[in-house]
Structure formats: structure tokens, C-alpha cells
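Count residues from 1 along the sequence. The shown structure was predicted, so the numbers you read here are calculated from the model rather than taken from an experiment. Below, each value reflects all heavy atoms present in this structure, side chains not excepted, and no hydrogens, waters or symmetry copies.
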Amino acid sequence: MTTLTHAGDTLTRNALTVLQPGFDGTTTVPDWVRRRIGEGLASVSLFGRNVRTAEQVTALTAQLKAERDDLLVAIDEESGDVTRLEVRTGSSYPGNHALGAVDDTALTREVAADLGRRLASCGINFNWAPSADVNANPDNPVIGVRSFGADPLLVARHTAAYVEGMQSSGVATSAKHFPGHGDTAVDSHHSVPVIDVDRDVLNSRDLAPFRAAIAAGTRAVMSAHVLAPALDPDNPGTISRRILTGLLREEFGYDGLIVTDGMDMQAIAGRYGFERGCVLAIAAGADAICTGGGPSDEGTVLRLRDAFVEAVRSGDLPEERLADAAERVRSLANWAVASRDAGGAGRSAGAPDAGIGLVAARRALTVTRSETYTAPLTEAPFVASFAPEANIAVGDETPWGVAAELSRRLPGTESATYSGEGAGAKALAAAGERRIVAVVRDAHRHGWMADALTTLVSARPDTVVVEMGVPQSAPTGALHIATRGAARVCGEAAAEVIAGA
């Protein structure tokens, strides 16, 4: 049953204020978004479906802010494998794992600041990044190269550098996924992961980067739909009062915005229900509800608005808790406006540096040459990409690999993509006499992919191998290049080595 509400009342405005919805695949502002902004909606989220070009995004955000100057415009722009702003081309910046491998915090700070300037120049002022997760489980299906690494101290110092760099450009960061999503073998898009370690391990490993982010001044922290029994045996982080209020607010002393991970993810929506899960999150201590990656129409916003209103009226959600959450959203919006007006949004900080991403990607490479390696390729090769199923966070829209970059350097380069049993034999047959460049992503996690490499290298020892995931397996092939991510610039850096540019 739909709750009757009045657009002008404080309760309804607060219910709209805590939402951070997206909208369907349009590159202009729908009329319903304009109406709801007028009624109190304080945030809008952009996804890859809303992006065509930087100029189009700038025009879109200008339309949004014409309705409300202090509107928060959020995006999930981690760079590296997870990019929305460059969803159709691949990112101009390597991701966290590459930056962690270089381990130069000044570089991480510079890359984050440059990305921040690019976002700010497009009118975006809130980024759901960085991932502060410690990739303690090499088989993690959803974090991987999104993490700075497996060393908590390394992840902590680079998380802090990223926060400092991006927020210097006037774009708020959101360290994620609290209390940590690194030691999981389950993707929370599909089910509830469990981190079953004791509190001492959580303190020294998973929680350390979040302490660093808070010390660096992060304006937001994003919750994880992860069950950590040592912290709360019953509730995943996003709906846990023990974790969001007891640990993050009271123990850590954090006073900024707490935003949820996507509430349409099955770890929450599948177990608790979409609307009820959102109410439970605000009651637990969250301030902003991330939605729109899945349901993204006006009806979704109205259902959530009414769910909050009804929960307050029934006593399931204290009105003062909803009001406090809404006030924290407004506080972040005020910071974003003040930062913009002070020149943080790219004006005094300078224009984006078109080269810093490639510089970072080059520095992140690990190149291993075997005794069978002779010289860089001078003739067009056959590029065989071995593609695992893309996780939802990364998506399957963004191109990756080295084929496009090699084609520019070695005209006539041909390519094909393979997966599953027998992939190596198929690639070998298609290549003929041409040199083979095999491109993989987390070969250690996929038996069929490792088998494909074995097939290729056994038959053709001169095969070049490019690992664009976490380089957990031993190097193989005449030339092995670990890029630590599949961003466009990672492919470009690898192609330079292959072709001797």
C-alpha cells in the first residue's frame, strides 16, 4: 500500500534527501528527477548508461544543478577496471592495484587529484571511491585489482593519499567497503559474504585502511553488505547498528557521511527486501542510500520515500534518526559547494593532466623475459583474449586488452576472444603461423584459463602473455607482462613493451 505523503512536509523532504538514485539510460535529465529535486531530493547518481562524452556529462550536470545548486552528483569512478566516465573507451588512469604495486604515495595522490579535477570539470562532486579493502583472499571474485594490495599498511597509506588527492580537487571521497570486503570468496552482488576472523585480525588488517581514510579527512565511508561475526553475528555491515553506529561512529569517532553500497544487491535486497533493507540501513546508522544501479525509475524513488515515511509513522524508524541522516547529506552538499566556490573544482588546481595515468601504468608493469625471448614484435600478431565472466561492479561494456593498442602500432593485428574448455586449442588454430599474444585476467582463479596458457606456451614457446588481473600465477611465455589492471592505459603500456615503442 502506498503511503499518502505531502511533498512539502519535513518528513517527506528528509525521506527524499537520504536517497541517491540513478535514472534510466538517458543522457538528459528526466522530468521526474526535476520534480523530486524540487521536493527535497538532494543527490543524483550517474552510471555508465548516462555517459556519452565529457561534454555531454557536463551539460547533464548543469541541467541538474539548475534545479538545485547544492545538489550532490555522485558516480562510481574508481578508475582502472571500474569506470563510468570512460565506460566506452576504458580508463585513462590505472586502478588501485597498479598504484599499490608502484607504492609511491605521491603518485597515488597525483593520480587521484587529476581524476578529481576531471570529475569536477564535468560537474561531479561525490565519488564512491576509493576501495580501501585489503585483498587478503587472492580468489576474491569482486575486489582483486580494485584493491591497492594485500598488505594492510600499504593499503592504508595509499587510501589516505587517494583521499587527500581527490578531495583537493573539490570532489568528496567515499572509502569503501566498511568494515572490509577483501577477505571474501563471495560477491555481495549475489549473496552475503562472511569474513570469519577474530576481532584482532579485523583490527590489524581490514579496519586499518578505514582509520587512515578517516584520519585523512574522507567526507564519506561506504558500508559493505558483508557479515563479520566478530563484530555482529547477525547482521551484515550495511544494516548493523553495532558496525555503523557502535564501531564507525562511536569507537572510531567518525562524523562524516555514511553511504550504503548498492541496496539492490542480492546480499540485502534478496534477503531482507529492497524497501525494508533501506529502512534497516538508515535505522542502523547509514545516512544515504545508494540505489539506481538496478531499479532506476520514479516508482523506485517513490516506494523508498514512502517506506521511510511509513517506518517513521509506525515507530520502526525514529524520526530524529532520519532527520540526522538528512542533515549529514546536506552537510556534505554544503562542503561540496564551499569547495567549488573556493576554487577546488579544478580551477586553481589546474586542468587534468592527460599523461599522468599512462605514466603510472608504465611504472606499474612487471616485465619478465625468458630465454626464448628474442626481440620486440615487428609484425602483426594474433591477439587471443581469454575472458572470464565480468563481475557486476566492473560490467561488460568497457573494452579491455591490448588488441586495439597493438593494431595502432602493428597494422594488420587480428584478435579474438575465447572462454571455457578448449579455449587454448581454438586460439592456437586461429593464430596459424602468426606470433600469439595471449591476454588473461586473473588466470590463477580460472582453471580453464590456466589450461589455455599451458596449451599455447607448450605449442608456441614464443607466446607473449599479458596478465591484466592480479598476477598470482608464475610468469609464463617468452615475454610475460603483468599490468595489474585492465584500464585502457594499462593496455597501452603493455603494447609499448610488446612492440618496442
Side-chain angles (χ1 to χ4, degrees), residues 15-54 56-68 71-78 82-88 119 122-129 171-172 174 176-177 188-189 220 222-223 225 238 257 259-266 268-269 274-275 277-278 281-282 286-305 307-308 329 332-333 336 391-398:
L16 285 168
T17 296
V18 301
L19 298 177
Q20 296 196 333
F23 50 87
D24 287 335
T26 176
T27 56
T28 57
V29 182
D31 288 341
W32 72 262
V33 173
R34 298 178 191 271
R35 288 196 302 272
R36 302 310 165 192
I37 290 174
E39 294 172 5
L41 188 66
S43 309
V44 171
S45 306
L46 302 184
F47 293 85
R49 61 179 181 258
N50 306 123
V51 174
R52 293 295 179 273
T53 65
Q56 168 264 317
V57 174
T58 304
L60 173 61
T61 59
Q63 293 170 16
L64 287 166
K65 291 181 181 179
E67 303 296 322
R68 179 172 181 165
L71 189 75
L72 286 172
V73 181
I75 198 167
D76 189 8
E77 183 60 46
E78 297 178 17
V82 178
T83 179
R84 310 303 180 216
L85 199 60
E86 297 184 278
V87 65
R88 287 169 179 78
L119 293 173
C122 292
I124 296 165
N125 53 19
F126 187 22
N127 190 11
W128 293 327
V171 177
S174 180
K176 63 186 184 184
H177 307 82
S188 53
H189 290 88
M222 177 178 280
S223 68
H225 308 328
T238 293
L257 186 84
V259 59
T260 71
D261 204 349
M263 295 300 288
D264 56 294
M265 294 163 63
Q266 288 303 297
I268 297 296
F274 185 41
E275 291 90 343
C278 292
I282 296 294
D287 306 305
I289 298 295
C290 169
T291 183
S296 53
D297 57 358
E298 184 176 20
T300 298
V301 170
L302 296 181
R303 287 198 309 276
L304 292 177
R305 178 201 67 183
F308 289 129
V329 174
L332 180 60
N391 68 59
I392 293 174
V394 173
D396 58 6
E397 297 177 274
T398 306

Could you pull out the closest heavy-atom pair between [X] and [Y], with the gap in Å?
{"X": "Ala336", "Y": "Asn125", "result": "CB-ND2, 3.9 Å"}
{"X": "Arg88", "Y": "Gly48", "result": "NH1-O, 3.2 Å"}
{"X": "Glu86", "Y": "Thr398", "result": "O-CG2, 4.3 Å"}
{"X": "Thr17", "Y": "Val329", "result": "O-CG1, 3.6 Å"}
{"X": "Leu85", "Y": "Ile75", "result": "N-CD1, 4.2 Å"}
{"X": "Thr27", "Y": "Asn50", "result": "CG2-O, 3.7 Å"}

Close side-chain approach of [X] and [Y], heavy atoms under 4.5 Å:
{"X": "Val87", "Y": "Arg49", "result": "no"}
{"X": "Ser45", "Y": "Phe126", "result": "no"}
{"X": "Leu304", "Y": "Glu275", "result": "yes"}
{"X": "Trp128", "Y": "Cys290", "result": "yes"}
{"X": "Lys65", "Y": "Val73", "result": "yes"}
{"X": "Val301", "Y": "Leu16", "result": "yes"}

Judged by atom type as modelled, is there a donor-acceptor pair below 3.5 Å linking the side chain of Thr61 to the main-chain atoms of Cys122?
yes
Determine yes or no for a side-chain-to-main-chain donor-acceptor pair under 3.5 angstrom, with His225 supplying the side chain and Gly262 the backbone.
yes
Test log, rule side-chain contact (heavy atoms from CB on, under 4.5 Å), inputs Lys176 and Val259:
CA-CA 9 Å; Lys176 63 186 184 184; Val259 59; over 6 Å; no
Give a yes-or-no answer on whether the side chains of Asp261 and Ser223 include a donor-acceptor pair shorter than 3.5 Å.
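There is no such pair (donor and acceptor under 3.5 Å, judged by atom type) between the side chains of Asp261 and Ser223.
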By side-chain contact (heavy atoms from CB on, under 4.5 Å) - contacts of Arg68 (at least two apart):
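Here the qualifying residues are Ile37, Ala42, Asp70, Leu71.
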Residue list, side-chain contact (heavy atoms from CB on, under 4.5 Å) with Arg34, at least two apart or on another chain
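Arg34 satisfies side-chain contact (heavy atoms from CB on, under 4.5 Å) with Val29, Asp31, Gln63, Glu67 only.
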Enter the distance from [X]:[atom1] to [Y]:[atom2] here, rounded to the nearest 0.5 Å.
{"X": "Glu39", "Y": "Arg305", "atom1": "CD", "atom2": "CZ", "value": "6.5 Å"}
{"X": "Glu77", "Y": "Asn127", "atom1": "CD", "atom2": "CG", "value": "6.5 Å"}
{"X": "Ile289", "Y": "Phe274", "atom1": "CD1", "atom2": "CZ", "value": "8.5 Å"}
{"X": "Glu78", "Y": "Thr83", "atom1": "CD", "atom2": "OG1", "value": "9.5 Å"}
{"X": "Met263", "Y": "Gln20", "atom1": "CE", "atom2": "CD", "value": "12.5 Å"}
{"X": "Leu332", "Y": "Ser174", "atom1": "CG", "atom2": "OG", "value": "9.0 Å"}

Please step through side-chain contact (heavy atoms from CB on, under 4.5 Å) for the pair Leu302 and Arg36, ending with a clear verdict.
CA-CA 9 Å; Leu302 296 181; Arg36 302 310 165 192; 3.6 Å; yes
Test Phe23 against Leu46 for side-chain contact (heavy atoms from CB on, under 4.5 Å), laying out the working first.
CA-CA 8 Å; Phe23 50 87; Leu46 302 184; 4.1 Å; yes
